Amino acid sequence: MSGKLIAIGDVHGCAHELEDLLDKLSPGKHDRVLLLGDLINRGPESHRVVKIARENGFRSIMGNHEHRLITYREHRDPSILKSYDYETLQQLHLEDWDYLRHMEAFYETEDSEFVCVHGGFRPGQPWRTQSISTVCKTKWISPEDIPPAQRRGNNSIHWSELWEGPATVVYGHTPNPEVRYAPHALCIDTSCAYGGFLTACILPDMEIVQVKARKVYA
Ligand SMILES: [Mn+2]
């Protein structure tokens, strides 16, 4: 791999924090930046976050927030919208929608050592064939969907606890106060919009770089 792959967790409209993080990272010209989805909503500047991504040629994985708004634009069913979606619908420009529509379901490194996704993968099914609406939303797996050998009583289990590799999955979507590590997965959604941190994971070394949120937005 020439250069590093810099994966960045859920930005959620926190444009200042994205700028702070990029200043701290100062990506080289051979490095690639990959946003792990949920660029929009919760924070104040959804449009500006997408604009930064567009103008810098960053790639993005589709998050459940982008997926819901794209679905709304196709079917015009307002019952699927959340209250904060309306502000974002007003903010986004045509170029932003074009960028959102081209977001990818997942990103696999050339050596297959890492896979980046927004939400996660269902256990017991080949991950490559899982639909975008599944992989951008997966979080807790209910007992009936857990393979019997991994079932522990009647409780839901976070998908990452069931993930056995071989690829290490770098994901967002499940906000935590700190980076959350499982044997073959790490979550870099560290609750920026809630006043936590915006986190980058630099691959292949899995180096973590963070900036503190400037304030609590949501
Ligand atoms: Mn999110």
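Heavy atoms only: backbone and side chains are in, while hydrogens, waters and symmetry mates are out. Every number for a ligand or one of its atoms is a count from 1 in the order of the listing. Here the structure is a predicted model, which is why all the values come from computation and not from measurement.
Taking the six-membered ring wherever Trp is involved, the centroid distance between the rings of Tyr84 and His65 falls below 6.0 Å.
Between Arg122 and Asp145, at least one side-chain nitrogen of the basic residue sits less than 4.0 Å from a carboxylate oxygen of the acidic one, meeting the salt-bridge criterion.
A side-chain N or O of Glu17 and one of Tyr217 form a donor-acceptor pair less than 3.5 Å apart.
Residues meeting the ring-ring contact (aromatic ring centres under 6.0 Å, His included) test with Phe106, sequence neighbours left out: Trp127.
Residue pairs satisfying the side-chain hydrogen bond (donor to acceptor under 3.5 Å, both in side chains) criterion with at least one member in residues 202-211, sequence neighbours excluded, are listed as follows: Thr199-Gln210.
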Output side-chain donor-acceptor pairs under 3.5 Å for residues 174-184, partner residues at least two apart or in another chain, one line each.
{"from": "Thr174", "atom 1": "OG1", "to": "His158", "atom 2": "NE2", "distance (Å)": "3.0"}
{"from": "Asn176", "atom 1": "ND2", "to": "Thr174", "atom 2": "O", "distance (Å)": "2.9"}

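Around the Mn ion (ligand 1), the protein N, O or S atoms closer than 2.8 Å are Asp10 OD2, His12 NE2, Asp38 OD2, listed by chain and residue number.
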